Chemist: 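Provided herewith is a single structure, encoded as structure tokens, for subsequent inquiry.
Residue numbers start from 1 in every chain, and the chains themselves are labelled A, B, ... in the order their sequence lines are given, proteins ahead of strands. Only a predicted model underlies this, so the values are computations on that prediction, with no experimental measurement involved.
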Amino acid sequence: MKSFYVTSPIYYVNDVPHIGHAYTSLACDVLARFMRFDGHRVFFLTGTDEHGQKVAKSAAAAGVDPQAFTDKVSQNFRALLPALGCSNDDFIRTTEKRHAASCQAIWKAMAARKTPKGNDNIYLGAYSGWYAVRDEAYYEESELTTGPDGKKRAPSGAEVEWVEEPSYFFRLSDWGDWLLEWYAKNPDAVGPASRRNEVASFVKQGLQDLSISRTTFDWGIKVPGDEKHVMYVWLDALTNYITAVGYPDVDSERFKIFWPASVHMVGKDIVRFHAVYWPAFLAAAGLEPPRRVYAHGWWTNEGQKISKSLGNVIEPNKLIETYGLDQVRYFLMREVPFGQDGDFSNAAMIRRMNTDLANDLGNLGQRVLSFVAKNAGAAVPSPGAYLDADRALLDKAAAMLSIVRAELAQQGFHKALDAVFAVVADANRYVDAQAPWSLRKTDPARMATVLYALMETLRRVGLLLQAYMPGTMAKLLDQLAVPADKRDAGAWDEALVPGTALPAPQGLFPRHVEAGEGTKK
RNA sequence: GGCGGCGUAGCUCAGUGGUAGAGCAGGGGAAUCAUAAUCCCUUGGUCGGGGGUUCAAAUCCCUCCGCCGCUACCA
């Protein structure tokens, strides 16, 4: 059995869940569901990133210790998953014991090994730079301005001072060639291709060593053997991906089955951490890099950049409440080519849910199933010999599986949907062309064949769309009387059994009508 | 500044040398099984500007204009 390991980033608990988090998680979920459907052994991981100075500070501000604080706020993210219909297999928190053990193990593994150039991977040095206390951030010399008072200031206007602190460094500078070779030999390792090019050109510029410990705060995982230091949050955070599959027990069944990860799904803002640092950390520790890192784009809201200060943050729960879960899942996966930025607008959302879902797919189901209920004895009809028109529809429906499989293998979520909805459109044309309402009077046997072909097409559409819209497609398959154990790719060619009794049809996708609209004048 | 990408119908985009395409939106019609849904036809573009190569350019080359991404240690 093939395995498939997909991860979302672990979400930083200091953030409030927004559409970006939901989007990443949903993309992972669609992949996870499709791969399970397609017979893979799947592990879908998500979780929360809970260490770092900002979290410690937020906890202090709330008057609680950091652990109690993160116990609480990590729930914001955990609770979002069922609301989104996510089928994650685990939820990891970086404050868990298993994770501390894993981080310390990868640190030791890195420290024990040499770089490709024969140097130690980790060495103790000093991290120095222009630090703004107010911003809690370091700045590059080039970013600073010198005021009339002679003081250097950050772009934010905060005063900066030169500080030095002891720090362990990861000798990233020795890993550049290895990374470039990895990109070259594994063209699918980073996607979309534009991101791979960006990352490669970044590496080509030459890499500096990376500070991987801090001494200025202590809310983190202790560096083995030097407890004054806590690990750099990104080393801590990225390591979650192996913790969850059993690291440091590399001989465990789970680790052997699922590592390396099939896809790390990330937002475009954190590509570098996943496509440069992470593979280098892993290689330094003697572990395999992930098979693929894929960066998706960002959403705007009604054409505007989303920001807290603009107050136009899109809350996933609100969206689901307004439009429905499966509608939102569909919209996010369909509206924008995955990998590119996209715009959310209520008009576009409503257009998609009414046009694609209610009118095309929902109405197709309704017109076919209610016709069968009224005119074919509420049971699966018995088909006669197929004509060319029937074959054309059925063959195209049968071909969808391999198309969807190929598209999703490279995160082509929208293209996979394109292929399925092309068949839905064909099916609507077929209904009109065959006009079963006429056949009812002239040729009942032919009518039965047409209805059967339509139901078979709906069955396959329903099977494939389960990954995107699990709830609604379960209803569709129920209405087609597809048995629960015949809803995966293994049952792709197991056609509906004539004579099977059918339940009363019900609408799948209600049209969305805006308040004040909908009453005829 | 450097590197990379993009600019095609009202909107979102596909199309990388051979008579301009899709979806949605707009207009007209057909049908009546269905969630007034569906189906057919149709309006609409000097393919960012200019120059060049070629029998032929949205597609290759040059140049200009505009937009975007990356250009390292908050996460």
Chemist: For B:C40, does either OP1 or OP2 sit under 4.0 Å from a side-chain N or O belonging to A:Arg429?
Modeler: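 Answer is yes, contact under 4.0 Å.
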Chemist: Could you tell me whether A:Lys268 and A:Asp341 make a salt bridge, using a distance below 4.0 angstrom between a side-chain N and a carboxylate O?
Modeler: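 The answer is yes: the pair qualifies as a salt bridge.
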Chemist: Can you check whether A:Asn14 has a side-chain N or O nearer than 4.0 Å to OP1 or OP2 of B:C74?
Modeler: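 Checking A:Asn14 against B:C74: no side-chain N or O falls below 4.0 Å of OP1 or OP2.
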Chemist: Round to the nearest Å and state the distance from A:Glu407 atom CD to B:A14 atom C1'.
Modeler: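 Between C1' of B:A14 and CD of A:Glu407: 13 Å.
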Chemist: For B:A36 and B:C41, measure between their P atoms and round to the nearest Å.
Modeler: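 Result for the P pair: 24 Å, nearest Å.
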Chemist: Provide the Watson-Crick or G-U wobble partner of B:C55, both distances under 3.5 Å; none if there is no partner.
Modeler: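 Matched B:C55 with B:G18 under the 3.5 Å cut-off.
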Chemist: Taking only the side-chain heavy atoms of A:Arg351 (C-beta and beyond), determine which of B:C39, B:C24, B:A34 contains the nearest atom.
Modeler: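 Per side-chain heavy atoms of A:Arg351, the pick is B:C24.
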Chemist: B:C73, B:C70, B:A34: which one has an atom nearest the side-chain heavy atoms of A:Glu198?
Modeler: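 Minimum distance to the A:Glu198 side chain belongs to B:C70.
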Chemist: Within this structure, what is the NE2-to-P distance between A:His274 and B:A75, rounded to whole angstrom?
Modeler: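 About 13 Å, once rounded to whole Å.
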Chemist: Nearest to the side chain of A:Leu508, heavy atoms from C-beta on, is which of B:U35, B:A75, B:U38?
Modeler: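 In terms of side-chain proximity for A:Leu508, the closest of B:U35, B:A75, B:U38 is B:U35.
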Chemist: Write down the distance between NE2 (A:His296) and C1' (B:G69), rounded to a whole number of angstrom.
Modeler: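 From A:His296 NE2 to B:G69 C1': 15 Å.
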Chemist: Which residue lies toward the 5' end of RNA chain B, A:Lys441 or A:Tyr127, if each is placed at its nearest nucleotide?
Modeler: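 Looking at the nearest nucleotide for each, A:Lys441 comes out on the 5' side.
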Chemist: Tell me: CG of A:Asp432 to C1' of B:A31, nearest whole Å?
Modeler: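 Roughly 7 Å, once rounded to whole Å.
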Chemist: Give A:Asn197 one of three labels, base, sugar-phosphate or nothing, depending on what nucleic acid heavy atoms sit under 4.0 Å from its own.
Modeler: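 Here A:Asn197 touches no strand at all.
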Chemist: Is the ring centre of A:Phe371 under 5.5 Å from the base ring centre of B:C33, and are the two planes under 30° apart, so that they stack?
Modeler: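 Not stacked by the 5.5 Å and 30° rule.
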Chemist: Quick one: A:Leu369 CG to B:U35 C1', roughly how many Å, whole number?
Modeler: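 Whole-Å distance recorded here is 13 Å.
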Chemist: With P as the reference atom in both, quote the distance from B:C40 to B:U46 in angstrom, rounded to an integer.
Modeler: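 To the nearest whole Å, 28 Å.
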Chemist: So what does A:Arg195 touch, heavy atoms closer than 4.0 Å: a base, only the sugar-phosphate, or nothing?
Modeler: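 Sugar-phosphate contact only - A:Arg195 comes under 4.0 Å of backbone atoms but never of a base.
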Chemist: Kindly assign one of parallel, tilted or perpendicular to the pair A:Trp234 and A:Phe273, based on the angle between their ring planes and the thresholds 30° and 60°.
Modeler: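 Aromatic pair A:Trp234/A:Phe273 classed parallel.
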Chemist: Looking across every strand, which nucleic acid part, if any, lies under 4.0 Å from A:Asp360 by heavy atom: base, sugar-phosphate, or nothing?
Modeler: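 Sugar-phosphate, no base atom in range.
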Chemist: Taking the C1' atom in each of B:G7 and B:U12, what is the distance between them to the nearest angstrom?
Modeler: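 B:G7 and B:U12 have their C1' atoms separated by 14 Å.
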Chemist: Students often get this wrong, so: under 4.0 angstrom with heavy atoms, is A:Gly362 touching a base, only sugar-phosphate, or nothing?
Modeler: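 A:Gly362: base contact, heavy atoms under 4.0 Å.
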Chemist: Answer with yes or no whether A:Asn363 presents, from its side chain, a donor or acceptor under 3.5 Å of a partner atom in the base of B:A34.
Modeler: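 Counting by modelled atom types and ignoring angles, a donor-acceptor contact under 3.5 Å is found here.
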Chemist: Please measure how far the P atom in B:A58 lies from the corresponding atom in B:G48, and state the result in whole Å.
Modeler: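 Going atom to atom, P in each nucleotide, I get 10 Å.
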Chemist: Once you round it to whole Å, what is the distance between P of B:U38 and CZ of A:Phe421?
Modeler: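 That distance rounds to 13 Å.
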Chemist: In terms of relative ring orientation, are A:His274 and A:Tyr241 parallel, tilted or perpendicular, with 30° and 60° separating the classes?
Modeler: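 If you compare the ring of A:His274 with that of A:Tyr241, the planes turn out tilted.
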Chemist: Taking atom P in both B:G44 and B:U63, what distance in whole Å separates the two?
Modeler: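 Their P atoms lie roughly 37 Å apart.
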Chemist: Identify the nucleotide, in any strand shown, that forms a Watson-Crick or G-U wobble pair with B:G23, with both distances under 3.5 Å; if there is none, say none.
Modeler: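 Per the H-bond distance test, B:C11.
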Chemist: Which of these nucleotides, B:C33, B:C74, B:U35, is closest to any side-chain atom of A:Ser370?
Modeler: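 Shortest atom-to-atom distance from the side chain points to B:C33.
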Chemist: Just how far, in rounded Å, is P of B:C67 from NZ of A:Lys305?
Modeler: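 Whole-Å distance recorded here is 16 Å.
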Chemist: Of the listed nucleotides (B:C33, B:C39, B:C73), which one gets closest to any side-chain atom of A:Ser211?
Modeler: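 Looking only at heavy atoms from C-beta outward on A:Ser211, the closest nucleotide is B:C73.
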Chemist: Identify whether any heavy atom of A:Phe202 sits under 4.0 Å from a base atom; if not, whether one sits that close to sugar-phosphate; answer base, sugar-phosphate or nothing.
Modeler: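 Base, at least one base atom sits under 4.0 Å.
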Chemist: Name the nucleic acid region contacted by A:Gly206, choosing base, sugar-phosphate or nothing; use a 4.0 angstrom heavy-atom cut-off, strictly under.
Modeler: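 Result for A:Gly206 = base.
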Chemist: Taking A:Asn121 for the side chain and A:Phe170 for the main chain, is one N or O donor matched with an acceptor at less than 3.5 Å?
Modeler: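 Here the side-chain-to-backbone pair does not exist.
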Chemist: Walk me through it: do A:Tyr23 and A:Trp299 pass the test ring pair (Phe, Tyr, Trp, His ring centres under 6.0 Å)?
Modeler: CA-CA 9 Å; A:Tyr23 188 46; A:Trp299 289 90; 5.3 Å; yes
Chemist: Please evaluate residues A:Phe77 and A:His21 with respect to the criterion ring pair (Phe, Tyr, Trp, His ring centres under 6.0 Å), reporting the C-alpha separation (whole Å), side-chain torsions for both, the decisive distance (0.1 Å), and the verdict.
Modeler: CA-CA 9 Å; A:Phe77 288 94; A:His21 300 111; 5.0 Å; yes
Chemist: Does the side chain of A:Lys415 get closer than 4.0 angstrom to OP1 or OP2 of B:A14 through an N or O atom?
Modeler: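 No, because none of the side-chain N or O atoms of A:Lys415 sits under 4.0 Å from OP1 or OP2 of B:A14.
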Chemist: For nucleotides B:C47 and B:C6, find the distance between their C1' atoms and express it as a whole number of Å.
Modeler: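 Straight-line distance between the two C1' atoms is 14 Å.
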Chemist: For B:A37, what is the paired nucleotide under Watson-Crick or G-U wobble rules, both distances under 3.5 Å?
Modeler: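 Across all strands, not a single nucleotide pairs with B:A37.
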Chemist: Could you check whether the rings of A:Trp175 and A:Trp178 sit parallel, tilted or perpendicular, using 30° and 60° as the cut-offs?
Modeler: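 Plane angle over 60°, so perpendicular.
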Chemist: Ring pair (Phe, Tyr, Trp, His ring centres under 6.0 Å) between A:Tyr330 and A:Tyr468: does it pass, once the steps are laid out?
Modeler: CA-CA 6 Å; A:Tyr330 175 79; A:Tyr468 292 87; 7.6 Å; no
Chemist: Categorize A:Tyr232 for me: base, sugar-phosphate, or nothing, with a 4.0 angstrom heavy-atom threshold over every strand shown.
Modeler: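 The residue A:Tyr232 makes sugar-phosphate contact but no base contact.
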Chemist: List the steps, then state whether ring pair (Phe, Tyr, Trp, His ring centres under 6.0 Å) holds for A:Phe344 with A:Phe331.
Modeler: CA-CA 9 Å; A:Phe344 178 87; A:Phe331 177 84; 5.4 Å; yes
Chemist: Taking the nucleotide of RNA chain B with the closest heavy atom to each, which residue, A:Pro436 or A:Asp341, is nearer the 5' end?
Modeler: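 Its nucleotide being nearer the 5' end, the pick is A:Asp341.
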Chemist: Which part of the nucleic acid does A:Leu364 contact within heavy-atom distance under 4.0 Å: base, sugar-phosphate only, or nothing?
Modeler: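 No contact at all - A:Leu364 keeps every heavy atom at 4.0 Å or more from the nucleic acid.
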Chemist: Only pairs with both distances under 3.5 Å count, Watson-Crick or wobble alike; so what is the partner of B:C70 in this structure?
Modeler: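 B:C70 is paired with B:G2.
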Chemist: For B:A37, take OP1 and OP2 only and decide whether either is under 4.0 Å from a side-chain N or O of A:Arg511.
Modeler: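 The answer is yes; a side-chain N or O of A:Arg511 sits under 4.0 Å from OP1 or OP2.
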Chemist: What nucleotide among B:U38, B:C74, B:A72 has an atom nearest to a side-chain atom of A:Gln208?
Modeler: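 That would be B:A72.
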Chemist: Could you give the OH-to-P distance, from A:Tyr277 to B:A72, as a whole number of Å?
Modeler: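 One finds 9 Å between P of B:A72 and OH of A:Tyr277, rounded.
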Chemist: Side chain of A:Asn428: nearest nucleotide among B:C13, B:C73, B:C39?
Modeler: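 Per side-chain heavy atoms of A:Asn428, the pick is B:C39.
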Chemist: Taking atom P in both B:A31 and B:C60, what distance in whole Å separates the two?
Modeler: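 After rounding to an integer number of Å, I get 49 Å for this pair.
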Chemist: Hey, does A:Lys204 reach any base, or is it just sugar-phosphate, or nothing, if we go heavy atoms under 4.0 Å?
Modeler: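 Nothing: the residue A:Lys204, judged by heavy atoms under 4.0 Å, touches no strand.
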Chemist: Whom does B:U46 pair with, Watson-Crick or G-U wobble, provided both distances fall under 3.5 Å?
Modeler: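 Across any shown strand, B:U46 pairs with none.
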Chemist: So which nucleotide from B:A34, B:A72, B:A75 ends up closest to the side chain of A:Asp49?
Modeler: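 Side chain of A:Asp49 sits closest to B:A75.
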Chemist: Between B:C67 and B:U8, how far is it from one P atom to the other, in whole Å?
Modeler: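 15 Å, rounded to whole Å.
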